[in-house]
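In what follows, every chain begins at residue 1, and chains take the letters A, B, ... in the order their sequences are listed.
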Amino acid sequence: MTDDILNVRGWVESASQFLAEATVGQSRHWGFVDSVAFFLTELIMAIVIFGAIMNTLLVLLWMERKLLGRFMDRRGAVTSLRSLWVGENGVTAGEWWNQLPFGVGKPIGGINRALNRIAGNDHELEAVRRVQNRSYHGVWWLFPGFFQNLADGMKFLTKEHMVPEKSDRFVYEVAPFLIIATTVMCFTFIPLGPHFFSNNSEMSILFLMAVFSVAPLGVFFAGWSSNNKYTLLGGIRSAAQLTAYEIPLLVTVLSVVVISGSFNMIEVIEFQANSGVWNIFLLPLGGLLFLVVMVAEVERIPFDMPEAEAELVEGWWTEYGGMRWGLMFAAEYLRTYAACLLFAHFFLGGWEAPFEDTIPFISMVPHVLWVFLKAWFMFIFFVWFRAALHRVRTDQILEFGWCYLLPLSLVNLAMAAALRLWVYDGVAGEWPILVPILITSIGLALFVLLAIDEDPEALAAQTRPYSVQTTDAAGPGQHRE
Amino acid sequence: MAKELSADQIQSAAEALVGSVAEKFTGSATAEVRHHTGGRRKNAYVYIDVEAAAWRDLATWLAKSHKVDHCSMITGIHWPEKADATWQVVAHLMRTGVRNPGVVSGRVHEIKVDIDALVGVDVPLEFEISMTLAETREPSVPSVADIWVGADWNEKETWDLVGIEFEGHVGMRRVLLPHDSPTGYHPLQKQHKLRYHDFNEMYDDAQGFGRKPEDVGRVK
Amino acid sequence: MDEGTNYTAFSSRGLLDIVGDLNDKALEASRMKDFISVLGGRFLNWAQRKSLFPLHLGIKCCALEMAAAGASRFDAERFGVVFRSSPRQCDVLLVNGPISKKFADPIVRLWEQMPEPKWCIAMGECAISGGPYFQSYNILEGVDTVIPVDVYIPGCPPRPEALIDGFSKLREKIIRIGAVPSGESEARGAPIIVADD
Amino acid sequence: MAEMWISMGPQHPMTHGLWTLKVKVDGETVVDTEPDLGYIHRGVEKICEARDFTQITTYCDRLCYASANTWSHAWIYAAEDLLEVEVPERAEYIRMVAVELQRIASHLMWLGAYCPDVGNLTGMVWCLREREMMMDLLQELGGSRMHYNFPRVGGVKRDLPIGFAMRCRAKLKLFLDRIQEYEAILDESTIFLVRTQGVGYAKAEEMINHGVTGPNTRAAGHDYDVRWAHPYSIYDELDWSPAVERPSIKGSDCYDRYRVRVEEMRQSALMVLEGLDKMPGGSETHHESGDPAILGKAPARAAEGKTGFHHFEDSRGESMFYIAGGGEARGKHPYRVSIRSPMFITIPYAAKCMIGYKIADIPAIMGSFDPCIGETDR
């Protein structure tokens with residue numbers, strides 16, 4: 001286990017051990033000291049991990065809005081912290097802090113006035129104050145727009161909970177819990193640092209994949225129960241799409257496990273640290289496959305059929321509003337965050353700094369930072385797909401999943417097994433430096449060759465690169481002739 | 001300089017057609033060549049005045065032998081003060097000459113029309129065909145929806161707004177007005193007036209949805 | 001089994017009521033309730049103001065100005081205005097065109113499908129008073145004949161800046177009056193007319 | 001799954017405007033469709049019977065709000081045919097500039113609405129960004145952003161503002177490069193090609209018989225265009241040819257209709273640039289409004305029993321106005337105005353086009369016909 005200055009688990013264990021001995025140890029149940037300490041550790045670590053994930057999730061949402069804004073040549077949300085104490089266009093809520101009991105309001109009023117003077121937009125001239133109405137963004141340059149997602153999230157708390165009259169009430173109300181619970185449960189098995197994880201069971205990857213693929217069931221329940229034709233279609237599409245992409249996902253993860261030699265997530269990362277080469281350079285095809293399959297698993301734009309804006313209004317969550325929809329919206333982003341973290345752990349060497357052993361003081365940096373940086377870097381690809389690509393039709397998604405991704409993932413698995421058995425176990429238990437270089441260069445060359453699929457002659461003659469002259473490739477059209 | 005249809009090409013095509021209409025429909029239809037009177041060019045178009053009964057076989061004849069392939073619009077007009085021509089139906093047809101592009105060695109090539117070579121039946125032409133009906137409770141004209149499918153929704157709209165029936169029209173229903181509007185209510189007939197067409201009834205409650213309380217009795 | 005009760009073995013609703021009352025009395029006694037309700041109220045009011053989701057409903061020309069307001073030059077998303085397609089997830093019904101008799105019932109149904117703290121903005125002359133078609137046999141004179149309206153934005157069509165100003169006027173109304181359910185019209189205060197001051 | 005009717009109701013992201021498409025669906029395949037229009041029917045033809053000729057221009061601006069200029073010019077050409085009015089040469093050139101700029105703005109609005117139909121929001125925001133440029137130019141001409149009330153019977157309301165030609169050339173040159181950006185995100189994106197090629201087949205003869213005209217028929221391989229078939233304005237003095245697309249054997253699909261409109265955008269831009277160079281009296285000179293060089297004399301009353309009609313190449317098809325003059329009894333008001341909306345005829349045909357395709361193809365096919373409900377419901 002690489003040592004890390006941020007030894008959160010160590011601190012928590014010693015603290016809970018001390019606490020258990022100080023309390024239970026003195027009483028007649030002293031026998032249970034160890035179990036109480038263990039329970040305390042697991043509880044605190046679970047809360048700490050959940051807190052870290054939920055807070056950094058805001059970073060993800062903020063990145064999505066700002067990146068989409070940049071791709072679309074606009075600014076995106078700019079609501080800033082200052083809008084908390086500055087009213088709207090000079091209209092404020094009056095001296096609301098006087099209604100607080102026990103005179104607690106006085107300091108709050110004082111702070112409010114001070115903040116307004118320092119970073120507010122009150123100017124002695126009324127006209128200047130009205131024009132310089134910086135209630136939405138302004139001097140507080142710290143991440144403008146960061147709190148917009150917080151505002152969106154909290155707004156759902158105050159929304160009325162409406163249940164459609166003829167919907168299946170019990171399933172309608174339980175389906176969101178199924179989605180949210182399983183999505184949050186994934187994060188128990190995703191370590192954020194060598195000593196910063198909630199659970200390190202022996203088969204953590206296996207359990208993680210099982211929990212990760214329960215959510216589509218909840219999506220189908222939600223779609224079916226809200227008694228709306230659009231949501232029914234959305235639910236069925238989601239069920240079909242996710243069964244088509246579950247198998248390539250599991251086979252790709254299996255290839256990573258095969259090459260790393262263990263089902264435990266932390267050992268996979270340790271393997272990449274010790275063997276000196278990240279898996280992305282050994283299995284570039286696996287990395288690409290994992291990215292594409294994860295985009296389909298979390299139903300983002302190229303594979304956006306279940307909540308297709310254009311024809312299914314809002315897809316399977318059309319009938320949900322208020323807090324249930326807010327949580328499901330957050331759950332979708334949590335699943336994307338889990339996907340980015342998994343990609344970072346499987347292929348980008350988890351918490352291992354890029355040049356861990358060469359640069360002298362790099363190991364002083366807490367390893368959690370590298371995990372987050374790699375995950376956020378991967379999230380850029382998700383947003384890039386969303387900005388650049390169009391929505392693929394359902395039957396094309398399924399065809400792509402079954403006919404292209406599944407065979408490719410089997411090829412990838414064979415490659416992983418071959419690499420592990422012949423190269424890693426055959427030689428001295430260390431990757432010969434030539435192997436990753438060769439694999440990566442061949443992978444890149446193949447990718448560039450395959451990506452250039454424009455047919456210059458067809459483009460020049462303004463005909464179709466995809467010859468539609470004879471076959472009716474995409475349009476079934478049989479009903480009409 | 002882009003090529004376009006010259007005035008005499010249109011003129012000669014129109015005269016040819018008017019000639020053949022005159023000798024084919026001597027009794028029931030009178031045709032003449034009229035000219036647009038505004039703008040830079042005074043293009044010719046064919047104006048045919050036909051009895052309602054002969055409209056259907058004039059339409060089939062035009063469609064079959066003169067390649068009139070596009071029904072642009074069918075309008076209904078209500079002239080209450082003219083006793084003999086109370087209901088008028090004006091149909092605007094066009095000969096466009098649009099054909100499916102041919103397949104050459106497995107590849108389809110689009111058609112670039114050589115405008116100067118257009119002559120006779122291929123010259124695009126505008127038609128204005130007018131029919132009048134005397135004063136009746138149910139004016140009706142034969143339907144041409146099966147000859148040009150484009151006329152289908154035109155006829156539905158004309159019946160919906162002006163109230164002229166089209167015999168032989170399949171699936172006649174209200175397309176623009178609400179489905180629950182009263183039968184026999186066709187707003188473009190002249191006896192229906194616009195709301196507030198005279199000033200003093202500005203604020204009485206014409207549409208039956210209840211006025212805002214503070215507006216009652218106010219004269220604009 | 002009367003309507004609305006859950007199917008679980010014991011009626012959790014009874015349990016919830018008991019715990020709820022207990023909690024309420026405890027907070028009441030310790031004056032913590034005012035503390036939470038005032039601070040929480042201000043924070044949730046800020047959250048509601050800063051993210052007003054209008055419904056993706058385009059009736060006529062004002063719909064193109066609404067799209068222009070959502071596009072890159074007059075970016076309405078800077079103020080947290082994101083267009084959602086389902087009325088369940090919206091707070092603001094932006095009516096941007098004439099309401100014909102055929103669309104009167106659907107627009108009322110859309111209004112009732114929206115969860116409670118909801119507002120209505122009448123954008124453009126047609127939504128305010130029927131506009132150039134006030135004499136027509138098929139047009140209602142303004143959307144306020146069927147739905148209570150909070151903000152009127154005059155113009156035919158109003159410029160995207162006026163639409164964004166309409167949203168800021170609505171935010172002013174929310175900070176002043178708070179998220180009052182749309183049923184009590186007098187508690188909602190008088191409707192605001194943009195560019196009236 | 002049993003067949004069920006889905007009503008893609010008045011408020012639906014796919015319908016650009018307010019109308020309902022009832023779709024009978026067997027699983028994912030569309031078996032039968034039925035459009036239901038009339039949600040914004042406001043009786044413009046009835047109101048026009050109580051308005052005089054200049055007031056009606058404002059109603060015609062608001063018919064199809066994405067291309068206001070083309071509709072007000074269609075009305076003015078018909079009114080000039082009724083009132084027998086001559087139009088000065090310079091006014092014809094200014095009108096051509098206004099109409100072609102509006103055609104670009106209308107096609108940009110269509111492309112902006114079509115991209116989210118096929119799943120990509122960036123296309124919409126980019127196209128609306130370019131449309132803002134075109135609206136700035138038209139705002140200089142007409143005065144407001146969307147409804148300009150620009151043409152008058154006999155000419156135009158105002159001459160080109162000073163400096164308009166220079167700004168117009170700069171913006172159109174920038175626009176001609178921006179079209180490359182759209183083609184980069186659309187033509188070279190395999191997913192867009194897979195979603196639009198081979199979807200929504202429509203043959204030329206079948207379309208013209210169904211009354212579908214304009215870019216939709218030119219996409220099917222025949223270059224029929226009202227601007228050369230029934231000539232008006234000064235299109236013969238400009239160097240242009242209708243944008244035609246080479247369809248597949250089974251007819252034109254959504255990709256052809258997209259290609260035709262992108263090609264038409266380029267052509268309209270080049271026509272405006274050429275029109276500004278050939279403007280009689282030069283595009284830098286500025287006449288006062290009402291000057292005989294830009295506004296001819298026009299009577300206000302139509303003769304008894306006189307009728308006038310005019311076909312016009314609107315950005316969505318062939319639009320037409322038929323006016324029956326009322327004579328002395330009606331004063332300045334026309335007796336009957338009849339409006340031919342190209343989309344009122346195309347939407348039922350597009351609905352028939354969808355049968356046999358998937359649900360996900362409905363927005364692709366419907367969007368490719370560029371529905372504009374304002375003119376449909378009149």
Q: Run the numbers on A:Asp73 and D:Thr122 for side chain to side chain contact (heavy atoms under 4.5 Å, CB included), then give the verdict.
A: CA-CA 9 Å; A:Asp73 199 4; D:Thr122 323; over 6 Å; no
Q: Given the rule in the side chain to side chain contact (heavy atoms under 4.5 Å, CB included) test, do D:Val118 and A:Arg391 qualify, once you have shown the distances and angles that lead to the verdict?
A: CA-CA 6 Å; D:Val118 186; A:Arg391 190 174 297 127; over 6 Å; no
Q: Does any part of the side chain of D:His12, heavy atoms only, come nearer than 4.5 Å to the side chain of A:Tyr230, both counted from C-beta?
A: yes
Q: Could you walk me through whether A:Thr394 and D:Lys358 satisfy the side chain to side chain contact (heavy atoms under 4.5 Å, CB included) test, starting with their C-alpha distance in whole Å, then the side-chain angles of each, then the deciding distance to 0.1 Å, before giving a yes or no?
A: CA-CA 9 Å; A:Thr394 322; D:Lys358 299 285 184 208; over 6 Å; no
Q: Among all residues two or more places apart in sequence or in another chain, which pass the side-chain hydrogen bond (donor to acceptor under 3.5 Å, both in side chains) test with D:Thr33?
A: none
Q: Using side-chain heavy atoms (C-beta onward) and a distance below 4.5 Å, is D:Arg195 in contact with A:Val392?
A: no
Q: Between A:Lys229 (side chain) and D:Met4 (backbone), is there a donor-acceptor pair under 3.5 Å?
A: no
Q: A side-chain contact here means heavy atoms from C-beta on lying under 4.5 Å apart; do D:Leu121 and A:Met72 qualify?
A: yes
Q: Starting at NE2 of A:His390, measure out to CG of D:Leu193 and round the result to the nearest 0.5 Å.
A: 9.0 Å
Q: Not counting sequence neighbours, which residues clear side-chain hydrogen bond (donor to acceptor under 3.5 Å, both in side chains) with D:Tyr114? List them please.
A: none
Q: Considering residues, nucleotides and ligands other than A:Trp384, do more than 12 of their heavy atoms fall under 6.0 Å from its CH2?
A: no
Q: Would you mind checking if D:Glu28 and A:Arg393 are paired as a salt bridge, meaning a charged N to carboxylate O distance below 4.0 Å?
A: no
Q: Do you know which of D:Ile359, D:Ile362, D:Leu186 has the most heavy-atom pairs under 4.5 Å to chain A?
A: D:Ile359
Q: For A:Leu389, is it the side chain, the backbone, both or neither that has a heavy atom under 4.5 Å from a heavy atom of chain D?
A: both
Q: Looking only at atom types and distance, does a side-chain atom of D:Asn120 sit under 3.5 Å from a main-chain N or O of A:Ala388, one as donor and one as acceptor?
A: yes
